[in-house]
Amino acid sequence: MNPYLPPLAGGLLIGLSAAMLLLLNGRIAGISGLVAGLGRPGSARWLADAAFVLGLILGPPAFALLAGHWPEIRIAAGLPALAFAGLLVGFGTRLGSGCTSGHGVCGLARLSLRSIAAVLVFLATGMLTVAALRVLA
Amino acid sequence: MSAALRSLAALAAGLIFGLGLALSGMLDPARVRGFLDVAGAWDLSLVFVLGGAVTVSRLGYLLSRRLRGPVLDTRFDLPARHRIDAPLIFGAALFGIGWGVSGFCPGPAVAALSTAAAPVLVFVVAMLVGMALHGLLPAAPMGRSRSIGTAGGSGNRRARGSAST
């Protein structure tokens, strides 16, 4: 099978999910924003946002059920590095109003200039970081 | 009633999102870092993930512009801000560094919680702490409440909500 077929098919599903959430609920499928919103229970959207996150967590087991194997998850970074990275990702996505889903999948689809700028910046710093770690290693 | 339907729709959308992540390979930090590793054996499969996702998402967005409102709710809650400002750039830069170090962005990390693997838990807890730290900032520079729909955007029948992407 063409190695790019599963990534493309997976991408189509992700796009379908974003389109569904927008057309049905009027909501942007930005994971960092949805997750952060769970810390503010009581908002009108809390239940639906929690349901989305629950569905997201059920995604990999559902995949395992359908495919007969779990998706591969190889984590090279150690725990301290993961904790550091998690802090940066959590703080950075709130400060920057979004992540790969909100700015990437949804923002690029709306041709939002803010999102285009954000995607270019996080791709650049992500690539620079991996390159820097490669030099240090 | 419609609140229950909205939650059901969101559950289905979340499940499809998680399935898509699992199928696409995005759940695998080694693969994501392979995509970011332009100086090494660059794995460009994630270009196909993003390309496929943005294409379908764009179709959904274009369709939404022909509707008065979403099917199960009263208005489209779209980001209200249009200015490219320092918090956006600085936040995106910090996020990219964390993404490069770990290979995780929020969606795949949360989806991978289902594996209950310790490294995933450590990352997600730290991510929640990072989000909470931002919430502690005095007069959060994101300016949720003072978002003003300045530059003309997508038509006046679309509510300018407080959504962050």
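In the text below, chain A, chain B and the rest are named by the order of the sequence lines, each starting its count at 1.
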Taking [options] one by one, which has the highest count of heavy-atom pairs under 4.5 Å against chain A?
options                      : answer
B:A93, B:S102, B:A112        : B:A93
B:P70, B:G51, B:G18, B:A118  : B:P70
B:G107, B:S24, B:A12         : B:S24
B:P106, B:A39, B:A86, B:G100 : B:P106
B:V120, B:L36, B:L19         : B:L36
B:A132, B:A92, B:A117        : B:A92

Report which part of [X] has an atom under 4.5 Å of a heavy atom belonging to chain B: side chain, backbone, both, or neither.
X      : value
A:T125 : both
A:L47  : both
A:R134 : side chain
A:T100 : both
A:L66  : side chain

Measure the [atom1]-[atom2] distance between [X] and [Y] for me, rounded to the nearest 0.5 Å.
X     : Y     : atom1 : atom2 : answer
B:S2  : A:L24 : OG    : CG    : 12.5 Å
B:D77 : A:N25 : CG    : CG    : 11.0 Å
A:C99 : B:F95 : SG    : CZ    : 5.5 Å
B:F90 : A:F91 : CZ    : CZ    : 7.5 Å
A:F63 : B:L23 : CZ    : CG    : 5.5 Å

Tell me which of these, [options], has more heavy-atom pairs under 4.5 Å with chain B than the rest.
options                      : result
A:A124, A:P71, A:A131, A:P60 : A:P60
A:A109, A:A118, A:G59        : A:A109
A:G92, A:A19, A:P7           : A:P7
A:I75, A:L108, A:L21         : A:I75
A:R114, A:E72, A:R45, A:M20  : A:R114
A:T129, A:L88, A:L56         : A:L56

Are any non-hydrogen side-chain atoms of B:L94 and A:V89 less than 4.5 angstrom apart? no

Go through the atoms of [X] and report whether side chain, backbone, both or neither lie under 4.5 Å from a heavy atom of chain A.
X      : result
B:S45  : both
B:L50  : side chain
B:L128 : side chain
B:V110 : both

Evaluate the side-chain contact (heavy atoms from CB on, under 4.5 Å) criterion for residues B:M26 and B:L46: first the C-alpha distance (whole Å), next the side-chain angles of each, then the deciding distance (0.1 Å), finally the verdict. CA-CA 7 Å; B:M26 279 289 290; B:L46 294 202; 3.4 Å; yes

For B:R33, is there an ion pair with B:D43 - N to carboxylate O distance below 4.0 angstrom? no

Looking at B:D73 and A:R27, is there a salt bridge between them, counting it only when a charged N and a carboxylate O are closer than 4.0 Å? no

Taking all non-hydrogen atoms of both residues into account, name the closest pair between B:V54 and A:G104 and its distance. CG2-O, 3.7 Å

Closest contact, heavy atoms only, A:R74 versus B:R31: NH2-N, 4.1 Å

Worked verdict on A:I31 versus B:F17 for side-chain contact (heavy atoms from CB on, under 4.5 Å): CA-CA 10 Å; A:I31 311 295; B:F17 202 108; 4.1 Å; yes

Between A:F122 and B:W99, how do the two ring planes meet: parallel, tilted or perpendicular, split at 30° and 60°? perpendicular

